[in-house]
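Any value given below was found using the heavy atoms of this structure, including those in side chains, with hydrogens, waters and symmetry copies removed.
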Amino acid sequence: MREHPHATPSESTKLLFILKGLSLGYKLLKGLIITLVIGALLSGLLLLYLKSRPLPIPNFFSASMLYDDTGQVFGRLDEGEARIPVRLRDLPPSLISATLAAEDKDFYRHHGFSVKSILRAVAVNIKEGRIEQGASTITQQLARNLYLTHDRTWARKIKEALLTVQLELHYSKDQILELYLNQIYYGHGAYGVGRAAKLYFNKKAEQLTLAESAFLAGIPRGPSYYSPWNHLERAKRRQRHILNLMVKNGEISLAEAEQAKQHALAIAPQTKPKQLKANYFQDYVISTLVNQYGLDEAVVRRGGLKIHTTLNTRMQQVAEQALRKHTEPAPGLQGALISVDPQTGAIKAMVGGKDYLTSQYNRVFAKRQPGSSFKPFLYLSALQQGFTPITRIESKPTTFVYQGGTYKPSNYRGQYAYRPITMREAIARSDNIYAVSTLLSTGMEREIALARKLGIKSQLKPTPSLALGSYTVSPYEMAESYATIASGGIHRPLIGITKVVDPFNRTIIQVQQQAERVASDAHTFVLTQLLSSVFEPGGTGYRVRQQFTHPAAGKTGTTDWDGWLAGYTPDLVTVTWVGYDQGKRLPHHQARYSQYIWADYMKEATKPFLSRRFPVPEGVKGVYIDEETGTLATPLCERVRFEYFVSGTEPKIVAPHHRLPEREPSLWERLSDWWNRL
């Protein structure tokens, strides 16, 4: 059979087209595969990069909360937001289900983005020619609320997408949902479901019912629009809609939904809670966390931290009232008070001025001349070197010669005893001659070294005026040093924070208090007994006894610009200061205000404590002495005082002019003597 002349070329052409098509398809497939591989590699690299990069510090997470020494909230560091952080595992399932139904029902099934929502949003945005609608998964909302503004721009959407991926890479789904529930805004200043539950229902989020859970879950879509206080009926309609969605999602039954719809909601009245401020203490806490522990201030203020402090809110209120009471009548007069537990170094009250709104300067850290309130450090050093409570030095105008010159101190208003006085009398009268003489006898460098061990960090110089408190120190340093004495010679740095917990309930700071013995309990006890004379009749702080009667020890300090009282009981050390900021001279009658503040405060602050004496440690011996001669007293001595001494330093000689008369030995004594001689 004859073949058609064009058959072979036609078939060849078809075959050629097929081969070319296959080649082109292969190239396209190869290109697609290469593109997919490169895309996968780039996506993998991007994911690795985003995984390796830490998330930025959020614009706001939640106001960090301050807790007092009983575990009660007394303040928050960001007044713009109020939150009560909660754990996801503690929340009722109904609240979680209602939130997912209202905001993102596929939350646990996607990786941060909802494809259906994205396609729908893209179609709307292309049609409108601008970003009109977003694909708001819970993760995306969290990324936007934590790190971004709410403007609708493409740049913001790209940042949001990257941050959404980072959140999904860094946190589990439960962690993201917990962050979201603690972050989302529920209106009227309430950020987070914990605060919202307290605000609207006056209960913990953990106690919410199904009806209340659905009600709250509907508010974030429009906090003002669905405000329970402004639009209650509208908010209830939203609640019913969410209950229907929960039925549709199989989370609850129709009967449960209907029952919840009929449940009467007890909406709490709109109130503004009053909280103790303790502003100066709050500033101190922030400064400590930033400067000592290296936290970023933004995290400290708005990182959702739970900051557990040593503050006692009752004592703080009393301190603020006492300081304000005695400084307000004098225009410009300022004051400071710091009160600590000597057994732990825990700060219980801190007031840095009479009006925080007028001046935020915390005078607890102001450097001022302590005057005679510095003398106990000198006398402790003297006791360690052999001085005793009855060591006598003549009180009279004296010019002291020392290496470097001469020094001529004077007593207040030229009052001298013009006779040898004991250390007890010198402390009570605040005799400057005794103090300088003691300093030059014991050594200025020794005094400085001991002051450092007790807690003084300010600059001190080895000059005779050191004995009179001429070098500036802060009330904070004085409180730390007096606490060392009150605790029996154990130095503990003062603390105002015990621990800090992050929003996930992880402890990020746990304060471990350091304790070091720097003086014996025997020497500090004897000093304490001497300092108690300050509050006795004739002492410079006798006015305190008009208000405060507990056993106490302390020392006043007065300069031309400052009035001090540093004193303590076995349970509490308190330092008060008054003066003017601009170097204005302080009238003597105003210097006494430090004593009035101290007495008023201590009277109220120590009410929970039993009135008790300072415990007598080992290494101390108490004896009755003849005040006239400083020797052991007998029943014939007229002026007798019971005095404590460091064991071995007590007097051994009986009062020479008051010896008991010789008496005839008894018959039994004579027989005993005869028997012993056999």
Side-chain angles (χ1 to χ4, degrees), residues 68 74-75 79 272 274-285 311-340 347-371 373 472 474-476 478-479 496 535 540-548 552 554 556-567 572-607:
D68 65 12
F74 74 88
E79 292 296 330
K272 293 184 178 180
K274 295 181 180 180
Q275 292 181 322
L276 176 69
K277 298 297 182 182
N279 300 98
Y280 292 104
F281 182 76
Q282 289 193 30
D283 288 349
Y284 158 75
V285 168
L311 191 78
N312 183 282
T313 51
R314 186 187 64 83
M315 293 183 183
Q316 179 67 24
Q317 288 176 319
V318 172
E320 292 177 358
Q321 291 168 2
L323 190 138
R324 192 180 305 114
K325 171 184 174 182
H326 294 289
T327 57
E328 274 191 344
L333 182 65
Q334 280 291 353
L337 182 152
I338 177 171
S339 188
V340 306
I347 299 171
K348 295 301 175 184
M350 176 185 287
V351 187
K354 65 180 177 183
D355 186 359
Y356 183 84
L357 294 178
T358 302
S359 172
Q360 291 77 53
Y361 179 52
N362 192 341
R363 294 158 190 84
V364 166
F365 298 96
K367 299 291 186 69
R368 308 288 297 219
Q369 288 183 329
S373 62
T472 59
S474 68
Y476 186 93
M478 293 291 282
F535 299 131
T540 56
Y542 72 93
R543 299 173 188 84
V544 165
R545 285 299 178 215
Q546 299 172 11
Q547 289 288 102
F548 184 64
T556 60
T558 305
T559 74
D560 290 338
W561 299 274
D562 310 276
W564 295 75
L565 177 53
L572 201 62
V573 173
T574 300
V575 175
T576 56
W577 167 89
V578 295
Y580 291 90
D581 291 335
Q582 287 74 34
K584 177 182 174 182
R585 284 183 175 270
L586 183 69
H588 184 71
H589 73 279
Q590 290 186 355
R592 298 172 185 167
Y593 293 169
S594 62
Q595 300 180 35
Y596 303 148
I597 295 169
W598 193 93
D600 279 1
Y601 167 75
M602 290 293 283
K603 179 182 178 181
E604 296 298 323
T606 59
K607 279 186 174 180

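Looking only at side-chain heavy atoms (C-beta outward), Leu565 and Val544 come within less than 4.5 Å of each other. Side-chain atoms of Leu586 and Thr559, non-hydrogen and from C-beta on, never get closer than 4.5 Å to each other. Thr472 places a side-chain heavy atom less than 4.5 Å from the side chain of Gln369. Using a 4.5 Å cut-off on side-chain heavy atoms (C-beta onward), Phe548 and Thr606 make contact. In this structure the side chain of Trp577 never reaches within 4.5 angstrom of the side chain of Pro370, judged on heavy atoms.
Partner Phe365 forms a ring-ring contact (aromatic ring centres under 6.0 Å, His included) with one of Tyr280, Tyr476, Phe281 and no other, that one being Tyr476.
Contact detail for Asp283 and Gln360: the closest heavy-atom pair is OD2-O, 4.4 Å. When every heavy atom of Trp564 is checked against every heavy atom of Ser474, the shortest pair comes out as CH2-C, 4.1 Å. When all heavy atoms of Met350 and Leu311 are compared, the pair lying nearest together is N-CD1, 4.4 Å. Counting all heavy atoms, side chain and backbone alike, Asp600 lies closest to Ala322 at CB-CB, 4.1 Å. Taking both residues in full, the closest heavy atoms of Ala366 and Tyr361 are given as CB-OH, 3.3 Å, listed atom of the first, atom of the second, then distance. Between Ala552 and Phe535, the shortest heavy-atom contact is O-CD1, 3.7 Å.
Between Tyr593 and Tyr596, the angle of the ring planes lies from 30° to 60°, which puts this pair in the tilted group.
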Run the side chain to side chain contact (heavy atoms under 4.5 Å, CB included) check on Thr540 and Gln595 step by step: do they pass?
-> CA-CA 10 Å; Thr540 56; Gln595 300 180 35; 5.6 Å; no
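Here the CG-CD distance, from Asp355 to Glu328, works out to 8.0 Å after rounding to the nearest 0.5 Å. Here the NZ-CE distance, from Lys607 to Met602, works out to 13.5 Å after rounding to the nearest 0.5 Å. The distance from atom CG of Asn312 to atom CD of Gln317, rounded to the nearest 0.5 Å, is 9.5 Å. Note that the CZ atom of Arg592 and the OG1 atom of Thr556 stand 11.0 Å from one another [nearest 0.5 Å].
A donor-acceptor pair under 3.5 Å links the side-chain atoms of Gln334 to the main chain of Lys354, judged by distance alone. Under the 3.5 Å distance criterion, the side-chain polar atoms of Arg314 are matched with a main-chain donor or acceptor of Glu604. Between the side chain of Trp598 and the main chain of Thr574, a donor-acceptor pair closer than 3.5 Å is present.
Looking at residues two or more places apart in sequence or on another chain, you find no side-chain hydrogen bond (donor to acceptor under 3.5 Å, both in side chains) involving Lys584. Asp68 is linked by a salt bridge (Lys or Arg N to Asp or Glu O under 4.0 Å) to nothing, counting only residues two or more places apart in sequence or in another chain. The salt bridge (Lys or Arg N to Asp or Glu O under 4.0 Å) search around Arg324 returns none, not counting sequence neighbours.
Using a 3.5 Å distance cut-off with no hydrogens or angles, the side chains of Tyr601 and Thr576 do not pair a donor with an acceptor. Gln316 and Glu320 form a side-chain donor-acceptor contact under 3.5 Å, judged by distance and modelled atom types alone. Side chains of Gln590 and Tyr580: a donor on one and an acceptor on the other come within 3.5 Å.
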